[in-house]
Each structure stands twice: as structure tokens, then as C-alpha cells.
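Computed over heavy atoms, backbone and side chain alike; hydrogens, waters and symmetry mates excluded. Along the sequence shown, residues carry numbers from 1.
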Amino acid sequence: GAVDALVLAAAGLKRLEIAVPEAVPLDPLEFLPAIGQGALGIETRIDEAQRAVAPLDHRPTRAAVEAERAFLRRVGGTCHTPIAAHAVLDGRELLLRAAVFSVDGTRVVRGERRGSMDRPAELGERLAVDLLRRGGEEILAALRGAAG
């Protein structure tokens, strides 16, 4: 009774063996996740430890996260900036969808681009430039002005 809705990670509910009959999965096409959401990173020294974990590297996931993070860098976002991006392998290409939101949610600039899995950073940067030009920069400037 204290909330009208609650967003929870399905993986966490499954791990806790909690079944919620009323739960509705959010489609990433409509509800873009946070940048890098769900990706696992492993950091090692450059030695035998790196060689030992190398088989765990999943190239499509690495490329997707690189595209999302390139978008984040280009728009100048932080963990507090209302932006989202989600990249997936679609056939032989990466499909990146992203959005820039106003804090109150009344303004949003969305877009998507396809590109080579071999150049994920380029894909993220190109989509960022597109969204910034189509109103994202104005939204982000207003956020910076409100914070300063």
C-alpha cells in the first residue's frame, strides 16, 4: 500500500525464489536500462591471471558495453544523469538504442543506430552526437544549470 509500482531486477527475485504473479517484465525496447546494466567485468593484472580468465570474455557483450559507455562519455553523463542506452547484437551488427531525459520526464530525446561490432565506440559516439543535436544538449544544459 505504500507504493503504486516497484521496479526490481528479475535475477534478484529469482535468486531469492520470490515469485510475483503480478510482475510484468519491462521490454528494453520501451524501458531502456542503465548503461552497462547486467554486464559483468573482471579486472586482472596483465599476466597469467589475465590469460586464465580470457575464455570468459564474451565478445558481443564487450562490444555492447563499449558502445553504451562511448555514448555515456560523449554526452558527458555521470551516474546521476538521466540517460539510458542499450546495445544488443542483431545479426552481424550492433543495435544501440539510447535516450536523454529531463529530470521530470516531460522531455525525452530517443534514437537508435546500427553499426559494426568491430567499432562499438564509433557507434556510441555517433548516436550521442545525433541525440545531442536533436535536443539532448538543451536538456543536459538545463540540468547543469539547475545543479550549479
Side-chain angles (χ1 to χ4, degrees), residues 1-16 18 20-46 50 53-54 56-148:
V3 297
D4 292 323
L6 189 60
V7 177
L8 299 169
L13 292 174
K14 185 176 180 179
R15 185 177 60 251
L16 295 171
I18 296 173
V20 182
E22 305 85 12
V24 177
L26 298 174
D27 183 348
L29 298 178
E30 296 178 32
F31 190 89
L32 291 171
I35 293 168
Q37 187 73 38
L40 175 65
I42 300 173
E43 187 173 342
T44 68
R45 298 183 315 225
I46 299 176
Q50 186 178 37
V53 299
L56 300 175
D57 185 35
H58 185 250
R59 189 168 174 248
T61 300
R62 175 187 290 270
V65 172
E66 286 179 11
E68 293 171 15
R69 291 181 59 100
F71 173 83
L72 174 71
R73 276 190 307 275
R74 182 60 182 86
V75 298
T78 70
C79 59
H80 301 291
T81 309
I83 58 175
H86 184 245
V88 293
L89 187 62
D90 186 27
R92 300 178 72 126
E93 293 182 310
L94 273 179
L95 171 59
L96 176 62
R97 291 183 172 95
V100 177
F101 303 90
S102 62
V103 172
D104 64 5
T106 59
R107 297 184 59 208
V108 61
V109 179
R110 292 179 179 268
E112 68 177 53
R113 279 195 183 243
R114 294 179 176 276
S116 170
M117 190 170 79
D118 296 326
R119 295 188 309 279
E122 180 181 306
L123 175 63
E125 290 169 8
R126 284 193 341 252
L127 183 53
V129 167
D130 178 45
L131 296 190
L132 290 170
R133 285 184 184 148
R134 290 192 297 111
E137 180 57 45
E138 185 180 320
I139 292 170
L140 295 172
L143 291 171
R144 287 189 293 271

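- R113 CZ: more than 12 foreign heavy atoms inside a 6.0 Å radius.
- Atom CZ of R74 sits about 6.0 Å away from atom CG of L132, to the nearest 0.5 Å.
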**Q.** Residue pair E66, R59: steps toward the salt bridge (Lys or Arg N to Asp or Glu O under 4.0 Å) verdict
**A.** CA-CA 10 Å; E66 286 179 11; R59 189 168 174 248; over 6 Å; no
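- Qualifying salt bridge (Lys or Arg N to Asp or Glu O under 4.0 Å) partners for R107, counting only residues two or more places apart in sequence or in other chains: E138.
- Around the CG atom of L16, the shell of radius 6.0 Å holds more than 12 heavy atoms that belong to other residues, nucleotides or ligands.
- Remark: L56 pairs with I42, V53 by the side-chain contact (heavy atoms from CB on, under 4.5 Å) rule, at least two apart or across chains.
- Expressed to the nearest 0.5 Å, how far CZ of R114 lies from CG of L95 amounts to 4.5 Å.
- The side-chain hydrogen bond (donor to acceptor under 3.5 Å, both in side chains) search around T44 returns none, not counting sequence neighbours.
- Here E112 contributes atom CD and L131 contributes atom CG; the two are 10.5 Å apart, rounded to the nearest 0.5 Å.
- Shown here are the side-chain contact (heavy atoms from CB on, under 4.5 Å) partners of S116, two or more places apart in sequence or in another chain: D118, R119.
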Taking only distance into account, with no hydrogens and no angle test, what donor-acceptor pairs under 3.5 Å do side-chain atoms of residues 28-38 form with protein atoms, sequence neighbours excluded?
none

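- For the pair T61 and L40, the minimum side-chain heavy-atom distance is 4.5 Å or more.
- Rounded to the nearest 0.5 Å, atoms OG1 (T81) and CD1 (I139) are 12.0 Å apart.
- Residues I83 and V75 meet the side-chain proximity criterion, which asks for heavy atoms closer than 4.5 Å.
- The line from CG of L96 to CD of E125 is 11.5 Å long, rounded to the nearest 0.5 Å.
- The environment of R62 atom CZ is sparse: at most 12 non-hydrogen atoms of other residues, nucleotides or ligands sit within 6.0 angstrom.
- With sequence neighbours excluded, the residues that form a side-chain hydrogen bond (donor to acceptor under 3.5 Å, both in side chains) with R126 are E122.
- Here the side chain of E68 pairs a donor or acceptor atom with the backbone of A87 at under 3.5 angstrom.
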